[in-house]
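Here the structure is laid out as structure tokens; the discussion comes afterwards.
Whatever order the structure lists them in is the order used to number ligands and atoms, beginning at 1.
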Amino acid sequence: MRKPIVAGNWKMNKTRAEAAALVAGIKAEVGSINAVETVVCVPFTDLDLVAQAVKGSILGLGAQNVHWAEKGAFTGEISAAMLKELGVTYVIIGHSERRQYFGETDATVNQRAKAALVAGLKPIVCVGETLMEREAGQTTQVVERQARVGLAGLQGADWDKLVIAYEPVWAIGTGKTATTAQAQEVHAFIRKLLGELAGTETAAKIRIQYGGSMKPENAKELMSQPDIDGGLIGGASLEAGSFAAIVRGAVR
Ligand code: PGA
């Protein structure tokens with residue numbers, strides 16, 4: 001059985017003082033829930049502080065982006081080795097905000113995912129269609145392209161480290177959530193595709209998170225679907241109480 005994974009994506013929120021308070025709150029609320037893997041994906045500037053705070057606990061630490069090169073002239077970027085050194089385990093790759101505002105493409109998602117894996121980080125690779133694409137009936141086509149290109153070249157043990165986040169772009173930060181049926185349908189499609197890419201036995205072990213306006217009120221139902229293995233949470237992860245309620249809702 002797949003262990004659900006609930007990850008908070010803090011995005012560009014929380015100064016160090018705020019981060020310290022939030023992670024302490026999360027630890028107090030869900031630090032003993034072993035049935036769910038709980039991860040916080042924090043801004044680069046909070047990583048060392050949160051790493052210290054989660055040390056020795058069951059909470060995992062994630063970053064929100066990583067560069068594909070080992071080092072060099074890439075002003076403003078951070079390498080996988082730099083993240084690893086700070087105690088980071090997970091890294092979000094190809095979030096729709098990176099694609100929309102920072103020119104991220106399926107090809108760069110692939111480069112970043114491969115670099116993360118080489119350094120021993122676990123990638124959370126995001127896929128998802130825009131409203132226009134959904135209305136044009138292109139959802140599966142878009143998700144398939146993002147996954148095929150984004151995951152090209154992964155092999156063997158790489159697949160065991162991979163997490164996929166299905167985040168319909170029209171549901172992110174908008175308050176609009178995909179219905180459980182809509183979400184499950186795409187998750188099942190992704191798992192079938194992963195079966196083609198990695199083999200069905202391996203695909204059955206890969207966690208696929210849902211993301212997009214997930215909150216305590218809708219999380220449990222979404223995560224009760226057969227192919228929805230947790231969530232990637234933005235807004236509702238910025239407060240310990242609502243994030244913890246979602247983590248509790250993931251217990252199967
Ligand atoms: P949201 O963000 O929960 O605020 O919709 C999710 C995400 O972008 O990962």
Side-chain angles (χ1 to χ4, degrees), residues 4-14 18-19 22 26 30 36-44 46-47 50 59-66 88-104 109 112-113 116 122-131 133-134 139 142-143 146-147 150 162-180 182-183 186-187 190 207-223 225 228-250:
I5 175 166
V6 175
N9 174 10
W10 292 6
K11 307 191 179 183
M12 195 174 73
N13 293 291
K14 306 296 172 186
E18 291 164 350
L22 178 54
I26 292 170
V30 299
V36 179
E37 193 173 349
T38 303
V39 179
V40 286
C41 300
V42 310
F44 289 134
D46 293 336
L47 282 171
V50 176
L59 299 185
L61 178 62
Q64 300 172 13
N65 191 20
V66 62
V88 171
T89 308
Y90 286 95
V91 58
I92 298 172
I93 294 174
H95 189 278
S96 66
E97 285 149 17
R98 301 286 327 161
R99 295 177 191 258
Q100 189 180 345
Y101 305 127
F102 304 100
E104 193 82 60
V109 167
R112 292 184 205 270
K122 300 178 178 182
I124 300 176
V125 173
C126 302
V127 297
E129 82 286 1
T130 62
L131 183 59
E133 290 162 340
R134 174 161 283 264
T139 297
V142 168
V143 167
Q146 291 171 332
L162 175 72
V163 175
I164 302 276
Y166 168 58
E167 301 202 303
V169 180
W170 48 272
I172 295 178
T174 58
K176 281 188 206 141
T177 322
T179 64
T180 41
Q182 280 173 326
V186 181
H187 279 240
I190 293 170
R207 274 106 38 106
I208 309 174
Q209 299 173 311
Y210 171 80
S213 297
M214 209 189 233
K215 37 188 180 278
E217 300 80 59
N218 59 26
K220 202 176 165 71
E221 196 191 326
L222 282 159
M223 294 186 295
Q225 297 299 301
I228 302 183
D229 310 307
L232 183 57
I233 324 297
S237 76
L238 298 177
E239 200 259 307
S242 51
F243 185 60
I246 295 172
V247 172
R248 283 187 213 104

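For H95, the closest heavy-atom approach to ligand 1 falls below 4.0 Å. Heavy-atom distances between G211 and ligand 1 stay at or above 4.0 Å for every pair. Taking a 4.0 Å cut-off on heavy atoms, A171 registers as neighbouring ligand 1. Not a single heavy atom of A236 sits less than 4.0 Å from an atom of ligand 1.
Proximity annotation for atom 7 (C) of ligand 1: of K176, E167, M214, E167 comes nearest, heavy atoms only. Distances from atom 6 (C) of ligand 1 to the heavy atoms of G173, S237, G234 put G234 nearest.
For Q64 against P43, the heavy-atom pair with the smallest separation is NE2-N, 3.5 Å. The shortest heavy-atom contact between S213 and A171 is OG-O, 2.7 Å. When all heavy atoms are compared, the tightest approach of P123 to A113 is CG-O, 4.2 Å.
At the shortest separation from atom 4 (O) of ligand 1 among protein heavy atoms lies G235 N, 2.8 Å.
With sequence neighbours left out, the ring pair (Phe, Tyr, Trp, His ring centres under 6.0 Å) criterion links H187 to Y166.
The OG atom of S237 lies 7.0 Å from the CG atom of L22; values are rounded to the nearest 0.5 Å. Residue I92 holds its CD1 atom at 3.5 Å from CG of N9, rounded to the nearest 0.5 Å.
The distance from ligand 1 to the heavy atoms of G212 drops below 4.0 Å at these ligand atoms: 5 (O).
A donor-acceptor pair under 3.5 Å links the side-chain atoms of D229 to the main chain of I208, judged by distance alone.
With a heavy-atom cut-off of 4.0 Å, N9 touches ligand 1 through its side chain alone.
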